[in-house]
Peer 1: 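This is the structure I want to talk about, given as structure tokens.
Start at 1 with the first residue, then count along the sequence.
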Amino acid sequence: MKPSDNGFEPRIVAFLCKWCAGAGADLAGVSRLQYAPNAVPIMFNCTGRLDPTFVLKAFTQGADGVFIGGCHPGDCHYLTGNYNALKRVILLEKVLVQFGINPRRLRLEWVSASEGNKFARVMNEFSAEIKKLGPLEKLEVSRCE
């Protein structure tokens with residue numbers, strides 16, 4: 001993908017379920033599908049294990065966007081992990097607003113292992129969305145001790 005006119009290339013952290021979205025990413029790769037190379041993938045056994053603080057940490061460490069990819073509802077290897085992830089994302093969107101971060105910088109998608117095309121498409125869409133939003137200002141999050 002070509003750099004945008006202003007030279008900004010977003011930094012995206014992608015938390016992926018290894019059973020579904022991660023396998024979909026692998027399929028996109030072996031199928032040689034073209035998609036934005038902006039994401040750094042981090043595999044989890046299940047998106048239900050994704051601690052919300054990991055998302056906040058990604059933003060404080062310089063990510064312009066965070067993508068979460070999990071199994072389709074009803075297809076989770078751990079039964080309800082993707083439902084737990086959905087609940088956390090809804091909560092995280094509200095928290096991001098409180099920090100002054102546009103909640104569109106966080107995206108949750110259901111991608112199965114056989115959906116390499118979908119993975120490539122949503123990564124292209126998300127990268128384009130983050131480019132439109134521009135770089136995220138450096139966050140200064142202090143800890144209460």
Side-chain angles (χ1 to χ4, degrees), residues 1 4 8-145:
M1 202 159 227
S4 59
F8 169 63
E9 281 298 326
R11 289 169 286 176
I12 298 170
V13 174
F15 295 108
L16 306 174
C17 160
K18 81 171 189 175
W19 300 106
C20 289
D26 287 344
L27 179 60
V30 298
S31 300
R32 297 182 182 262
L33 300 175
Q34 297 294 312
Y35 62 91
N38 306 73
V40 174
I42 300 173
M43 299 291 192
F44 278 79
N45 277 341
C46 179
T47 53
R49 293 289 298 145
L50 179 61
D51 188 312
T53 61
F54 296 169
V55 173
L56 299 175
K57 181 82 167 180
F59 283 121
T60 62
Q61 295 296 310
D64 298 303
V66 174
F67 178 85
I68 302 169
C71 301
H72 286 276
D75 288 341
C76 179
H77 282 67
Y78 302 99
L79 304 178
T80 60
N82 47 9
Y83 293 111
N84 294 335
L86 176 59
K87 291 177 201 173
R88 290 180 185 136
V89 167
I90 291 168
L91 178 63
L92 274 166
E93 288 173 340
K94 294 175 183 177
V95 170
L96 292 178
V97 170
Q98 295 299 311
F99 284 125
I101 299 172
N102 188 325
R104 292 187 344 222
R105 291 185 181 276
L106 175 64
R107 182 167 177 171
L108 171 66
E109 283 286 339
W110 311 125
V111 180
S112 76
S114 65
E115 293 180 310
N117 286 326
K118 180 178 182 181
F119 181 82
R121 178 179 52 79
V122 297
M123 288 310 299
N124 285 331
E125 290 170 0
F126 189 53
S127 182
E129 175 75 14
I130 300 301
K131 279 184 183 183
K132 285 181 193 170
L133 293 173
L136 182 63
E137 301 277 331
K138 176 100 172 118
L139 294 177
E140 298 287 335
V141 179
S142 62
R143 297 171 74 175
C144 296
E145 296 186 44

Peer 1: Among residues at least two apart in sequence or on other chains, which ones pass salt bridge (charged side-chain N to carboxylate O under 4.0 Å, His left out) with R49?
Peer 2: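 Per chain and number, R49 pairs via salt bridge (charged side-chain N to carboxylate O under 4.0 Å, His left out) with no residue.
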
Peer 1: Rounded to the nearest 0.5 Å, what's the gap from CG on L56 to CZ on F99? Could you check?
Peer 2: 6.0 Å

Peer 1: Which atom pair, heavy atoms only, marks the closest approach of A21 to G70?
Peer 2: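 For A21 versus G70, the nearest heavy atoms are CB-N, 3.9 Å.
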
Peer 1: Who passes ring pair (Phe, Tyr, Trp, His ring centres under 6.0 Å) against H77, sequence neighbours left out?
Peer 2: W19

Peer 1: Report the residues that fulfil side chain to side chain donor-acceptor pair (under 3.5 Å) with S114, sequence neighbours left out, ordered by chain and then residue number.
Peer 2: S112

Peer 1: Which residues pass the salt bridge (charged side-chain N to carboxylate O under 4.0 Å, His left out) test with K18, sequence neighbours left out?
Peer 2: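 Expected list: none.
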
Peer 1: Would F67 and V13 count as a side-chain contact (heavy atoms from CB on, under 4.5 Å) if you check the C-alpha gap in whole Å, the side-chain angles of each, and the deciding distance to 0.1 Å?
Peer 2: CA-CA 6 Å; F67 178 85; V13 174; over 6 Å; no

Peer 1: Could I get the full list of ring pair (Phe, Tyr, Trp, His ring centres under 6.0 Å) partners for F15, not counting sequence neighbours?
Peer 2: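 So F15 forms a ring pair (Phe, Tyr, Trp, His ring centres under 6.0 Å) with F44.
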
Peer 1: Can you see which heavy atom on A14 is nearest to which on A39, and at what distance?
Peer 2: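 Looking at all heavy atoms of both residues, the closest pair is CB-CB, 4.1 Å.
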
Peer 1: Sorted by first residue and then second, give each salt bridge (Lys or Arg N to Asp or Glu O under 4.0 Å) pair with at least one member in residues 101-111; sequence neighbours left out.
Peer 2: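 Only R104-E129, R107-E109, R107-E125, E109-K118 qualify under salt bridge (Lys or Arg N to Asp or Glu O under 4.0 Å).
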
Peer 1: Cut-off 3.5 Å, no hydrogens considered: what does the side-chain donor-acceptor table look like for residues 83-93, sequence neighbours left out?
Peer 2:
from : atom 1 : to  : atom 2 : distance (Å)
Y83  : OH     : G74 : N      : 3.4
R88  : NH1    : G48 : O      : 2.4

Peer 1: Between the side chains of T47 and N82, does any donor sit under 3.5 Å from an acceptor?
Peer 2: no

Peer 1: Where do L96 and P103 come nearest, in terms of heavy atoms and distance?
Peer 2: CD1-CA, 4.4 Å

Peer 1: What is the minimum heavy-atom distance between P41 and L16, and which atoms define it?
Peer 2: CB-CD1, 4.0 Å

Peer 1: Between C71 and C17, is the side-chain contact (heavy atoms from CB on, under 4.5 Å) condition met? List the steps.
Peer 2: CA-CA 7 Å; C71 301; C17 160; 3.5 Å; yes

Peer 1: For F119 and A28, which heavy atoms make the closest approach, and how far apart are they?
Peer 2: CD2-CB, 4.2 Å

Peer 1: For residues 66-82, pull every pair meeting salt bridge (Lys or Arg N to Asp or Glu O under 4.0 Å), keeping only residues two or more places apart or in separate chains.
Peer 2: none

Peer 1: So, do V66 and F59 sit near enough that their side-chain heavy atoms are less than 4.5 Å apart?
Peer 2: yes

Peer 1: Taking all heavy atoms of I130 and all of F8, pick out the closest pair and write down the distance.
Peer 2: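 It is O-CE2, 3.6 Å.
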
Peer 1: Is a donor on one side and an acceptor on the other found under 3.5 Å between the side chain of D64 and the backbone of R11?
Peer 2: yes

Peer 1: Can you sort out the partners of E115 under salt bridge (charged side-chain N to carboxylate O under 4.0 Å, His left out), two or more places apart, ordered by chain and number?
Peer 2: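 With neighbours one apart ignored, the set is empty.
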
Peer 1: With a 4.5 Å cut-off on side-chain heavy atoms, are P135 and P10 touching?
Peer 2: no

Peer 1: Using the side chain to side chain contact (heavy atoms under 4.5 Å, CB included) criterion, which residues pair with A113? Sequence neighbours excluded.
Peer 2: A23

Peer 1: Who pairs with D51 by side chain to side chain donor-acceptor pair (under 3.5 Å), at least two apart in sequence or on another chain?
Peer 2: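 Residues passing side chain to side chain donor-acceptor pair (under 3.5 Å) with D51: T53.
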
Peer 1: Rounded to the nearest 0.5 Å, what's the gap from CG on L50 to CG on L108? Could you check?
Peer 2: 9.5 Å

Peer 1: Is there a donor-acceptor contact under 3.5 Å from the side chain of S127 to the main chain of N124?
Peer 2: no

Peer 1: Looking at side-chain heavy atoms only, is the closest gap between I68 and V55 below 4.5 Å?
Peer 2: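 In contact.
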
